[in-house]
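In what follows, a single structure is set out as structure tokens and then discussed.
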Amino acid sequence: MIIDVRTLEEWNSGHLASAQHLELQLVVGAIEQLAPNKEQQLFLYCRSGNRSGQAKTLVEAMGYTQVVNAGSVGDASVLLSEAIVR
């Protein structure tokens, strides 16, 4: 699963085609509904990699074991071979 932790405005400016949108401040309250399997691989990205790094720390503290900080939206696009859509 690919999760974009940026703001709605940033999401609307372009995101990975198969990404789910979950702003950083909502991650702790909503991640278990979005990804109930804590062993599922999660790829997190944001604008620069900073917020996705914070989100990675948060979800790992909740017991998720396969979490990758994919960096920026551009980095994630390259890493996952997925186009950015608007």
Side-chain angles (χ1 to χ4, degrees):
M1 177 177 291
I2 304 168
I3 302 173
D4 183 326
V5 300
R6 300 174 303 157
T7 65
L8 182 58
E9 183 177 299
E10 289 172 308
W11 164 267
N12 288 336
S13 72
H15 57 272
L16 298 190
S18 69
Q20 302 292 318
H21 182 234
L22 185 59
E23 290 189 35
L24 176 60
Q25 69 270 21
L26 305 175
V27 165
V28 170
I31 191 68
E32 289 176 318
Q33 290 178 336
L34 190 62
N37 178 359
K38 293 188 176 186
E39 294 178 9
Q40 175 180 3
Q41 191 161 37
L42 302 177
F43 292 92
L44 309 173
Y45 72 87
C46 62
R47 183 179 54 82
S48 67
N50 181 26
R51 285 173 284 174
S52 51
Q54 292 175 50
K56 179 181 189 291
T57 299
L58 292 170
V59 298
E60 285 177 338
M62 296 174 68
Y64 287 83
T65 59
Q66 302 294 316
V67 186
V68 176
N69 178 357
S72 71
V73 64
D75 293 340
S77 175
V78 171
L79 175 69
L80 301 166
S81 299
E82 188 159 333
I84 298 171
V85 297
R86 288 177 172 72

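For the numbers below, each heavy atom of this structure counts, side chains included, while hydrogens, waters and symmetry mates do not. Predicted model only: the values in this text are computed from it and were never measured.
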Exercise. Can you check whether Ile31 reaches Leu58 side chain to side chain, under 4.5 Å on heavy atoms?
Worked result: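 In short, these two side chains do not touch, never coming nearer than 4.5 Å.
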For this session: State, yes or no, whether a side-chain contact exists between His15 and Glu10 at a heavy-atom distance under 4.5 Å.
Result: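 Side-chain contact under 4.5 Å: no.
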In residues 39-49, what donor-acceptor pairs under 3.5 Å come from side-chain atoms, sequence neighbours left out?
{"from": "Tyr45", "atom 1": "OH", "to": "Asp4", "atom 2": "OD2", "distance (Å)": "3.0"}
{"from": "Tyr45", "atom 1": "OH", "to": "Leu16", "atom 2": "N", "distance (Å)": "3.0"}
{"from": "Ser48", "atom 1": "OG", "to": "Asn50", "atom 2": "N", "distance (Å)": "3.3"}

Hydrophobic cluster identity match, [X] and [Y], side-chain contacts under 4.5 Å:
X     : Y     : answer
Tyr64 : Val68 : no
Val5  : Ile84 : no
Ile2  : Leu34 : no

Exercise. Side chain of Glu82, backbone of Ala76: donor and acceptor closer than 3.5 Å?
Worked result: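 Judged by distance alone, no pair lies under 3.5 Å.
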Problem set entry | Nearest heavy-atom neighbours spanning Gly71 and Ser52 |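 Taking Gly71 first and Ser52 second, the nearest heavy atoms are O-OG, 3.7 Å.
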Exercise. Between Gly14 and Val73, which heavy-atom pair has the shortest distance, and what is it?
Worked result: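 Closest heavy-atom pair between Gly14 and Val73: O-CG2, 4.3 Å.
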Exercise. Can you list the residues that meet the side-chain hydrogen bond (donor to acceptor under 3.5 Å, both in side chains) rule with Thr65, with sequence neighbours excluded?
Worked result: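 Per chain and number, Thr65 pairs via side-chain hydrogen bond (donor to acceptor under 3.5 Å, both in side chains) with no residue.
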Exercise. Taking the hydrophobic residues Ile, Leu, Val, Met, Phe, Trp and Tyr, and joining any pair whose side-chain heavy atoms are under 4.5 Å apart, which ones share a cluster with Val85?
Worked result: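 Its cluster mates, by chain and number: none.
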Exercise. Among all residues two or more places apart in sequence or in another chain, which pass the side-chain contact (heavy atoms from CB on, under 4.5 Å) test with Thr57?
Worked result: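 Counting only residues at least two positions away or on another chain, Thr57 forms no side-chain contact (heavy atoms from CB on, under 4.5 Å).
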For this session: Could I get the full list of side-chain contact (heavy atoms from CB on, under 4.5 Å) partners for Val78, not counting sequence neighbours?
Result: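 For Val78 there are no side-chain contact (heavy atoms from CB on, under 4.5 Å) partners, ignoring immediate neighbours.
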For this session: Determine, stepwise, if the pair Met1 / Asn37 fulfils side-chain contact (heavy atoms from CB on, under 4.5 Å).
Result: CA-CA 11 Å; Met1 177 177 291; Asn37 178 359; over 6 Å; no
Problem set entry | Distance (rounded to the nearest 0.5 Å) between Glu60 CD and Lys38 NZ |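 Nearest 0.5 Å value for the CD-NZ distance: 12.5 Å.
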Indicate every side-chain donor-acceptor pair of residues 20-27 with a distance under 3.5 Å to a residue at least two apart or in another chain.
{"from": "His21", "atom 1": "NE2", "to": "Arg6", "atom 2": "O", "distance (Å)": "2.8"}
{"from": "Glu23", "atom 1": "OE1", "to": "Gln25", "atom 2": "NE2", "distance (Å)": "2.8"}
{"from": "Glu23", "atom 1": "OE2", "to": "Leu8", "atom 2": "N", "distance (Å)": "3.3"}

